[in-house]
Structure formats: C-alpha cells, structure tokens
Amino acid sequence: MAGAIIENLSGRKLGILIMFLLLCQVVCFLVGALIAPAPSSVLSVLGTKCVDKQYSREKWYYPRGKGRCLHRISDPQDPEVAKQGISANHIIFTFQIPSPKDNQVLDYSRWQQNLIAMMHLDILYKEEEAEFDPNALMTIEARLGYRNKGDPDDRWTEYATSTEERILDCSISPEHRKAEYMYNCSSVPLFELGSLHHDFYLLNIRLPIHTPKEPRDHPTNVYLGALTDMWVAFIHQNGGFTKVWVSLKTVFFPTIVGIMVWFWRRISHLARPPLLLEYMLMVLGAALTLLNCPLEYLTLAFDCPWMTVVSDIRQGLFYASLLSFWLIFTGEHLMDDIERNNVRAYWRHLSAVLGGCLCLFIFDMCERGVQLSNPFYSIWVTEIGTNLALAFIILAGVCAGLYFCFLSYMIWKVFINISKKRQSLPAMSSTRRLHYEGVIYRFKVLMLATLLCAAMTIIGFILGQVSEGQWSWDENIKLEYTSAFFTGVYGMWNVYTFALICLYAPSHKRWPKDQDTQSSTGEEIEFSRLATEPSEMSSITGYVTKAATD
Amino acid sequence: MSNKTERAVPITARPPEVEFRGAQDSPDTSPHVVPLPVASPYQNTSPARPQRTRPRRGRKPRKKRKRAKSGGEGIVGPYPIVPQGTREAAFVHAISSAGVAHAITRRCSSGELDDCGCDRSVRGVTHQGFQWSGCSDNIAYGVSLSKRFVDARDRKLVTRKKKAGHRVSSRALMNLHNNEAGRKLIEDNMRVECKCHGVSGSCELKTCWKAMPTFREIGEILKVKFDEATQVQVKEVSGRPELEPNQQYFRKPTEVDLVYVTSSPEYCEYDINRGSLGTQGRRCNKTSRGMDGCDLLCCSRGYTSAMERVKERCSCKFHWCCYVKCRTCIRDVKVHTCK
C-alpha cells in the first residue's frame with residue numbers, strides 16, 4: 001500500500017479535511033443532544049385484577065372500552081374475596097397499553113420500533129407466616145393481543161400466548177420486617193417484541209394455582225405469599241429518537257457508498273492487483289454500509305419482528321470487520337520483511353475475532369432468535385439456559401482477550417521495528433527511506449485516530465453510566481446525553497471509516513505517466529512531494545534491493 | 001377507606017360524596033387484613049394523640065374542604081381536632097399531600113384516570129408528545145396534581161399577602177413546606193429499576209423507571225419526621241420570607257423535614273376547643289417508658305388494670321391468592337386503662 005493519499009496531501013488540505021470531519025462529528029453529537037429525545041421510555045402499568053369464575057382461554061379481559069371486565073377486585077387479601085369463593089385461577093391481571101393521558105386515547109406508532117415488558121410483583125410482608133418462598137418458581141400464563149385503530153373495542157387479536165416459568169428474587173431488610181411493608185423483589189423479564197406494528201396491545205396474565213394437566217402433588221404458585229399487585233413496565237424506543245437515527249442513516253448511507261465507489265475506481269485504475277489492506281478497507285466500508293442501510297423504513301409498512309436480530313447482526317458484522325481491519329493493518333505495517341498480503345497469514349488472529357463473534361451470534365440467536373417464535377421466551381430464566389448463555393458470553397470474552405493480546409503484541413512489535421528503522425534511516429537510499437517514512441507515518445496516524453476514537457467511545461460510555469442521562473445547560477437548553485452518546489459514537493465511526501477510505505486510498509502520485517488522464521478526477525488532491533516520491537515501479541525495485549541487502 | 005380509625009380528620013361527619021374515584025380507596029394495598037395483634041392495643045382506642053400511633057392513610061383534603069364549606073366555616077384541613085400550626089397539623093398536612101400524590105399516581109398507572117398528564121407540566125401536546133418522546137413517570141403527574149390541589153389555599157394566601165405587601169402568614173408558609181415535604185418523601189423513596197437492552201441485551205442501552213413504595217412506608221418515615229420536627233418562625237432573608245429555626249443553634253430544616261410554628265396543647269385533659277380529647281380511657285403500656293407508657297400517657301392520674309380474654313386469629317398461612325388459613329387463639333391479657 002505504498003503511496004497513500006495521506007502521505008501526499010498538503011498540510012493545508014489535510015487540515016481542512018480534518019476540520020470538516022470534526023465538524024460532522026460535532027453535528028452528529030448535537031443532533032442527538034438537542035433534537036432527539038431519550039432513546040427509550042417506559043410506561044409503568046399497574047395491573048387491573050379482573051375476576052371471572054368461568055375463565056376461558058379464548059376470552060380477552062381488558063379494563064377499558066366496550067365489553068371491559070366489570071368484576072374487579074382491588075385487594076386479593078380482602079376477606080370478602082375469599083368469601084365469594086374467588087381463587088387464584090379466577091384472577092386475571094390485565095394490562096391495556098398505552099394508558100390514556102389528558103383525556104386522549106393514545107396509540108403506539110410504528111416509529112416506536114420495539115416493546116419490552118418487565119414484570120414486578122408487590123408482595124407484602126406479613127407478621128404472620130405467609131406461604132412464601134423468596135425464590136419461588138412462578139408459573140405464568142400470559143397472553144398478548146393487539147388491536148388497531150378503527151377496530152371495535154372488543155376485537156382483540158392474539159399475537160402470542162405462552163405458559164412460562166420465572167424465578168422470583170425477593171429479599172427484605174430486617175428493619176423492614178413489618179406488616180404491610182413490601183418485599184424487595186427484582187423485576188423479571190416478561191417479553192420482547194422486535195416490532196411495534198399495531199396500535200394497542202393487551203396483556204392478560206394469570207398465576208394459576210394448578211393446571212389440569214399437572215397432578216396436584218406438583219404444586220404451582222403456592223409460595224407466592226401475600227401478592228397484592230402486579231406491575232409491568234413497558235419499554236419502547238422513542239419515535240423521535242428513531243426518526244433522528246434513521247435520518248442519520250439516510251445521510252450516511254449514500255456518503256459511504258459514494259466514497260467506496262470512488263475508492264474502488266481508484267484501485268481499478270492501478271496496474272497492480274488490489275492489496276490485502278485495500279480489500280480490507282472495502283470490507284470495512286461494506287460492513288458499515290450494511291449497518292447504515294436504513295432498513296427501519298420497512299417497519300413503517302410491514303411487521304418485521306426480525307428487525308432487532310438483524311440490527312444486532314449488522315452491528316456485529318461492523319465490529320468484526322473493524323477489529324479484523326486493525327489486526328491486518330498492524331500486520332501489514334510490521335516492516336519485518338515478510339511478504340504477507342494474504343488473509344491466510346492472519347488466520348490465527350482472525351479466528352479470535354471470528355470465534356468471539358460466533359459465540360455472541362449463537363447467544364443472540366438463542367435469546368432473540370427464539371423470541372421471534374415466542375416473545376415470552378428468555379434464556380435467562382432457566383438454570384441451564386443461564387449457564388449456557390454465560391458460557392457463550394465468557395467464551396466471547398476469552399476471544400476478545402486473545403484478540404487484544406494479539407493486537408497489543410503486534411503493535412508493540414511495530415513500534416520496536418519503527419525505532420530500529422529510525423536508527424538506520426539516515427543510512428538508507430532515498431527511495432527506501434521514503435518508503436519506510438511513509439509506512440511509519442501511515443501507521444502513526446491510524447494509531448492516533450483509532451486511539452482517539454476508542455477513548456472517546458469509552459469515555460462517553462462511562463459518562464453515560466454515571467450521569468443521569470439529561471444535562472441541563474440552563475433553563476431552556478437541555479442536553480439529552482444518552483441520545484447524544486449514541487448519535488455521537490455512530491457518527492464517529494462513520495467519520496472514521498470515511499477518513500480511512502479517503503486517506504488510505506492509493507495516490508495518483510504513483511503513476512506519473514497517467515497523471516494527465518487522471519487529473520480530472522484527482523484535481524482536488526495536491527501533490528506536495530514531487531520527483532523524489534517513489535512510483536509504484538520504484539517502490540518495487542526498492543523493495544527488491546532492500547530484501548537483497550537484508 | 002381503611003378500616004382503621006382516622007383520627008386526624010374530623011369525626012363528626014362523613015365526607016359528602018367522592019368526586020375523584022382515585023381518592024376513594026385507601027392508597028395502601030391491604031386494609032382488611034387479619035385483626036391487629038394484641039401487641040398494639042394503644043391504637044384504636046381514643047381519638048386523641050394521633051401522632052403516637054400508626055400513620056394514617058392519605059386523605060383527600062378536597063373532601064374536607066367540601067365538608068368544611070358546607071359547615072360554613074371555610075377552613076381547609078383537619079381542624080378543629082388538630083390545632084393549626086402545631087406539630088400534629090404538620091404531620092397531617094404532609095401525609096395528606098403525600099396521600100394525594102400516591103393515590104393519583106396509582107390510579108394513573110392502572111389507567112383508571114383518563115386525565116393524567118403525559119409530562120410533568122400537566123398540560124402538553126399529548127399525542128405527538130407520546131410518540132416523539134414517550135410520557136414521564138406517573139409520579140410526576142401525581143406530585144404536580146397534589147401540588148396544584150393541596151397547596152391551592154395556602155399558596156393563594158401567600159401570594160395575596162405578598163401582593164398587598166403584608167407580612168406573610170407563617171402558618172401558610174409552614175403548611176406549604178410540610179405539603180412539599182410529604183410529596184418529596186415519596187419521590188425520594190421511589191425504587192429505581194433498570195433494564196439493559198442494548199446490542200444482544202448488553203448494558204450499552206439502559207432504561208430505568210421508578211416504582212412507588214407502599215404508603216405504609218411513607219407513613220413510617222413521616223412518623224419519624226414528626227418526632228424530629230423543628231419549630232420555626234418566619235424571617236425575611238433578602239426580601240423573601242423564609243422559615244428559620246427558633247433556636248439559633250438548630251440546623252435549618254431541609255426540604256423533607258417537618259416544621260411547625262406553635263407548640264402543641266397539653267393533650268391530657270379534654271378540651272375540644274384546643275383540639276384535645278384527653279387521655280382518659282386510653283390503654284397504656286405499663287412497661288414502656290415512651291409516650292405510650294402508663295406514666296406519661298395517663299398524665300400521672302394513674303391507671304386501672306383488668307384481665308381481658310382476647311380471641312384472635314393466629315398462626316395464619318397466606319396462600320396466593322385469596323385463601324387464609326388461621327387458627328383461633330384465646331389469650332388472657334392484662335389491660336391497663338388511664339383514669
């Protein structure tokens with residue numbers, strides 16, 4: 001990859017380009033901070049307890065609208081409830097979302113993308129012995145239905161139904177062991193929908209005490225104690241955030257495609273076949289293009305529950321190609337005079353990246369892949385599932401560790417070689433010296449840019465974890481930090497890839513004979529170094545002589 | 001309503017009718033549990049000394065106002081039983097405003113109230129707002145409604161006085177402070193729960209929400225705040241009236257501390273005009289050295305002791321959901337009653 005544009009660009013032009021890219025970066029950050037709302041928000045809904053002694057699995061129970069359930073109870077521990085002969089099998093917790101606000105019936109928009117439900121139980125501490133096990137296994141009969149605008153109030157259509165098991169995780173501190181205090185139970189995941197295609201959703205949950213299929217000696221749900229209320233937090237992506245996000249993608253997508261086309265045309269004009277690094281740059285660009293492709297527009301028209309899986313895969317592919325690129329870039333700049341220029345030379349290093357990505361992919365398919373068929377499924381609720389998931393995550397972690405060992409070792413070797421070459425530089429012929437100077441310069445620039453981007457990402461992430469999500473400038477200007485982090489990081493890696501493809505493209509300088517014909521496309525590039533610059537031919541001869549002398 | 005006696009509020013009349021469905025029930029979850037154990041016989045005996053017993057559930061002052069107006073007095077609040085400006089009034093104000101916020105938040109969360117706001121500002125462009133950035137936690141609406149509604153009278157009083165250039169009533173300021181303290185306590189005691197849902201479920205993206213404590217917990221905390229309440233007076237600090245402790249060396253009360261401006265009357269003798277029902281006939285604890293101890297509670301008048309046979313449910317087992325299995329125990333207890 002001799003003679004990249006970055007070596008030949010004048011300082012002024014480079015400065016202008018960097019300023020422009022930094023400006024893009026700042027714009028991305030500000031778009032997230034000032035325009036976009038927080039990435040997601042929550043509707044916390046208290047379940048309405050409908051009672052039906054002739055409960056049937058085909059019937060829908062809902063708290064609002066025509067045909068709503070009329071027999072409700074507010075407190076299951078009320079002696080009246082027991083007197084009426086109501087049992088756990090007759091109680092249906094109903095959640096009709098979204099809840100009305102300001103006397104308006106709200107509905108979900110398709111821009112809101114996804115829906116995650118977390119269940120929380122209010123279990124009271126009783127001074128008397130309650131049949132309660134803090135880590136009881138719950139059996140949940142859940143049914144999710146939907147309705148659209150214009151449908152009659154009672155036309156609920158089934159979306160998913162399942163009988164699930166979840167493990168309670170409750171505790172109570174000694175000073176709270178008083179009547180009517182609540183156990184501190186952690187929320188349990190209930191379901192995840194990859195698309196929010198319909199306007200209204202209805203969730204019916206029953207905690208039956210025994211199902212007819214099961215014999216009585218295997219008791220279900222008897223250790224739930226003084227359960228009084230069920231809350232479900234429904235998390236959805238914010239429509240505003242999706243709009244901003246998709247707009248960014250719509251801008252980035254053609255830009256990156258454009259720079260890739262420009263890059264490939266430049267490569268194909270060369271006499272030599274493309275180098276490995278140039279292929280890698282194309283792969284990186286392709287992965288980013290895949291990530292940038294605004295597929296989200298499809299969700300506005302079609303029901304796409306696979307969207308979360310696809311976006312996970314897209315993101316994974318981008319990270320995999322970025323990691324592979326760093327590895328190969330470092331390897332190609334080792335300057336240890338071994339001809340690599342071949343993916344096979346890196347199979348050991350790349351297998352760490354591949355292994356890690358494969359582990360995460362399998363984990364993702366086990367969790368979100370299965371959720372495509374059963375949204376109530378979660379790998380974390382069973383012990384085997386948890387162990388399996390942890391095993392995959394740990395394996396991925398090991399791969400990541402291996403990768404960083406490989407990468408650090410190679411970078412360290414590059415620096416050793418650089419300092420060695422530095423000493424012998426003055427003694428070299430001018431062609432070789434320029435060749436090595438170019439290599440060192442290219443490597444150092446990429447190192448600097450990469451470290452900067454990685455540090456920014458990590459600092460941004462940590463800031464996001466410790467801050468409250470919203471920063472106030474003054475009364476009127478509020479910065480939405482979480483969104484700014486997402487748009488900022490997204491924009492940063494786009495800018496990074498753009499800069500790489502643009503600056504590491506082969507320079508015209510290497511085919512002086514073609515300069516007249518190429519000048520029309522390359523007129524914006526200024527060639528500061530002139531005749532002494534090695535042409536492609538001279539760099540090869542330089543390489544041969546260097547190999548001979550070594 | 002709770003089945004426990006509500007002593008902090010007028011006992012003379014029932015509230016006429018309930019305007020808010022949200023306020024009808026006790027905001028707490030289980031009012032009808034098994035009878036209280038004998039260990040606390042000082043609770044439901046006499047309407048005096050509300051502060052020394054279980055915290056009461058929140059009440060909607062709106063009902064009180066209606067009642068008071070129909071009585072022609074035009075007074076808001078729990079008078080005449082609890083004298084204005086005292087420690088007890090401070091507690092009542094705090095728990096009332098907290099109760100409104102709690103009850104409204106619950107009703108909003110269950111979707112029973114249609115007019116809950118989408119954001120804290122109570123008004124707003126709801127439909128587009130929800131689709132653009134979602135709605136805020138319901139507690140925000142509960143608190144802002146409680147602020148608008150419970151504070152209305154005292155706030156009006158304060159602004160009117162300020163406009164006229166008079167000295168601002170210390171009692172009104174105190175009520176406003178205590179109302180705010182009750183609401184702030186709920187907000188401060190919200191449990192925060194989070195869910196990670198980034199790429200492959202990582203914590204790259206984390207969403208948190210708030211869950212409300214039971215009202216009982218708020219009551220207990222307010223009871224502690226009641227015991228630690230500070231006596232204050234109004235002082236002008238750079239043109240603004242502020243509440244400062246009477247004693248110089250006391251620290252300034254924080255947002256969640258209760259304050260009062262007049263000392264409580266002696267509750268020993270019956271004096272309905274001063275808000276005391278006396279302690280005659282109250283059950284006391286012989287062994288206790290605290291306020292429920294016979295020496296203090298009976299104001300050195302002495303007490304009578306008698307044996308009583310108590311029939312109660314014991315060793316109860318609760319089953320989800322509605323099934324309680326108890327044994328009946330009969331115990332003989334010694335009961336002490338103030339003379």
Would you mind checking if A:E192 and B:K195 are paired as a salt bridge, meaning a charged N to carboxylate O distance below 4.0 Å?
yes
Measure distances from A:P63 to the heavy atoms of chain B and classify the residue's part below 4.5 Å as side chain, backbone, both or neither.
neither
Within-4.5 Å side-chain heavy-atom neighbours: B:E204 and A:Q315
yes
Which one, A:Q96, A:R64, A:E367, leads in non-hydrogen pairs under 4.5 Å with chain B?
A:R64
A:S44 OG to B:K210 NZ distance, which is reported to the nearest 0.5 Å
11.5 Å
Most contacts with chain B, counted as non-hydrogen pairs under 4.5 angstrom, among A:H176, A:K243, A:R368
A:R368
Leading residue by heavy atom contact count with chain B [cutoff under 4.5 Å; candidates A:A36, A:P76, A:S99]:
A:P76
If you tally heavy-atom pairs under 4.5 Å between each of B:L205, B:D137, B:N138 and chain A, the highest tally belongs to B:L205
Non-hydrogen side-chain atoms of B:F215 and A:E180 separated by less than 4.5 Å:
no
Take atom OH in A:Y125; do more than 12 heavy atoms of anything else shown fall under 6.0 Å from it?
yes
For A:R68, is the CZ atom crowded, meaning more than 12 foreign heavy atoms sit under 6.0 Å from it?
no
More than 12 heavy atoms of other groups within 6.0 Å of A:Y490 OH:
yes
Turns out that what part of A:L207 lies under 4.5 Å from chain B's heavy atoms comes down to both
